[in-house]
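A short worksheet on the structure shown next.
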Protein chains: 2
Amino acid sequence: MRVSTRFSDSIHLLAYLKIYADTKLTSDAIAASIETSPVVVRRLMSKLRKAGLITTTPGTAQPALAKPLTDISLLSVFYAVEGDKPLFAVDPKTNPACIVGGNIQTVLKQYYQDAQMAAEARLARTSLQDIVDNILVEQAKKEARQN
Amino acid sequence: MRVSTRFSDSIHLLAYLKIYADTKLTSDAIAASIETSPVVVRRLMSKLRKAGLITTTPGTAQPALAKPLTDISLLSVFYAVEGDKPLFAVDPKTNPACIVGGNIQTVLKQYYQDAQMAAEARLARTSLQDIVDNILVEQAKKEARQN
DNA sequence: ACTTCCTGTAACTTTATTAATTACCGAGAT
DNA sequence: ATCTCGGTAATTAATAAAGTTACAGGAAGT
């Protein structure tokens with residue numbers, strides 16, 4: 001399958017709303033930054049809006065963050081656009097007549113959930129403000145190198 | 001994309017080698033347990049062999065675990081069949097002329113790696129012996145319910 | 001030696017997921 | 001009234017994984 005970049009693109013989008021708050025925030029402009037299509041941007045915004053992370057007004061280019069960036073964790077963005085999609089997939093179709101095939105799902109599910117929760121705990125610890133701060137630091141480094 | 005079940009299927013395979021060690025371990029028999037095709041099983045075994053987890057002999061059905069199950073972690077199985085595939089995908093193609101698009105990959109990579117390492121640490125903590133033990137416990141529960 | 005069963009791979013096809021595209025409705029601004 | 005833009009549905013294209021077919025060659029029994 002094609003690998004999903006929704007999570008990364010959504011973080012990009014939200015950071016863009018903050019950093020370019022003074023510009024015209026059309027889906028076209030945002031799409032140019034992510035290098036995707038405006039429709040994809042609007043689809044992402046639709047999910048972010050439903051998750052309560054941003055507000056939008058139909059017909060006019062006024063997307064806005066619904067709360068301060070310090071109050072939005074990477075995890076809440078992940079849930080908003082990926083739902084509760086598991087990081088590790090259990091093979092759902094194995095032979096129930098076999099000792100292994102009949103029990104492995106139950107067993108793996110537990111360990112996978114542990115691992116996923118560990119990753120999610122890290123995502124929960126980071127806010128979008130951290131991301132924006134780091135982007136600006138990287139940008140400053142870049143500009144310093146040029147001089 | 002279709003989500004990969006290689007990791008789960010490989011754990012299944014290795015547990016099968018242990019639990020059914022006394023039977024004929026043909027790729028057909030293993031495939032019947034995983035409910036996949038023998039070729040898929042042989043492909044998985046090829047990767048597990050290259051990673052040093054099992055030994056096989058061409059032409060004869062004698063796959064064997066290369067080390068005790070207590071010495072094989074879920075993480076080593078994951079690496080064997082998924083390589084260093086990241087759990088969270090960075091969008092590689094964003095506008096470098098934009099402050100966000102030009103720096104976000106660098107920033108996200110760090111946080112994604114943190115999260116992935118947390119998950120991997122959990123996987124490293126669990127051995128295949130734990131999995132086999134749990135499978136046998138589940139099976140015993142099942143049999144107890146039937147009486 | 002011959003036959004049978006099996007592994008190891010390569011090549012190709014099918015299936016599933018995601019992103020991209022096209023198209024259209026209706027809201028808001030000028 | 002017109003122009004711009006968001007929201008969404010429907011379709012197409014791209015991509016990754018699993019399934020399938022095919023075949024070369026090893027091992028073991030007869």
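Everything numeric here is computed off the predicted structure, so don't read it as measured data. A, B, ... follow the sequence lines: proteins, then strands. Residue 1 opens every chain.
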Could you tell me whether the side chain of A:Tyr20 and the main chain of B:Ile99 form a donor-acceptor pair under 3.5 Å? yes
Sub-4.0 Å heavy-atom contacts from residues 21-36 of chain A onto DNA chain D, ordered by number: A:Lys24, A:Leu25, A:Thr26, A:Ser27
Report yes or no: do A:Val39 and A:Ile34 belong to one cluster of Ile/Leu/Val/Met/Phe/Trp/Tyr joined by side chain heavy-atom distances under 4.5 Å? no
Using the side chain to side chain donor-acceptor pair (under 3.5 Å) criterion, which residues pair with A:Glu120? Sequence neighbours excluded. A:Tyr79, A:Gln116
How would you list, by chain and number, every residue that makes a salt bridge (charged side-chain N to carboxylate O under 4.0 Å, His left out) with B:Glu82, sequence neighbours excluded? B:Arg6, B:Lys85
Have A:Asp130 and B:Tyr111 got a donor and an acceptor in their side chains that come within less than 3.5 Å? no
Quick one: A:Asp91 CG to C:dT15 P, roughly how many Å, whole number? 17 Å
Would you give a per-nucleotide map of nucleotides 24-30 of chain D, 5' to 3', where B means the base has a protein non-hydrogen atom under 4.0 Å away, S means only the sugar-phosphate does, and - means neither? -BBS---
Look at the side chain of B:Ser76 and the backbone N and O of B:Ser73, then say whether any donor-acceptor pair between them is shorter than 3.5 Å. yes
Over how many whole Å does the gap from B:Lys93 atom NZ to D:dT15 atom P extend? 11 Å
Side-chain donor-acceptor contact under 3.5 Å, A:Tyr112 with B:Ser8: yes
Would you jot down, in residue-number order, the residues of residues 37-53 of chain B having a non-hydrogen atom under 4.0 Å from DNA chain C? B:Val39, B:Arg42, B:Arg43, B:Ser46, B:Arg49
For the side-chain contact (heavy atoms from CB on, under 4.5 Å) test, which of A:Ile11, A:Ile30, A:Ile135, A:Val132 pairs with A:Tyr16? A:Ile30
Taking only residues at least two apart or on different chains, which pairs with a member in residues 96-106 of chain A satisfy side-chain hydrogen bond (donor to acceptor under 3.5 Å, both in side chains)? A:Thr94-A:Gln105, A:Asn103-B:Gln139, A:Asn103-B:Lys142
Regarding A:Asp133 and A:Gln129, do their side chains bring together a donor and an acceptor under 3.5 Å, going by distance alone? yes
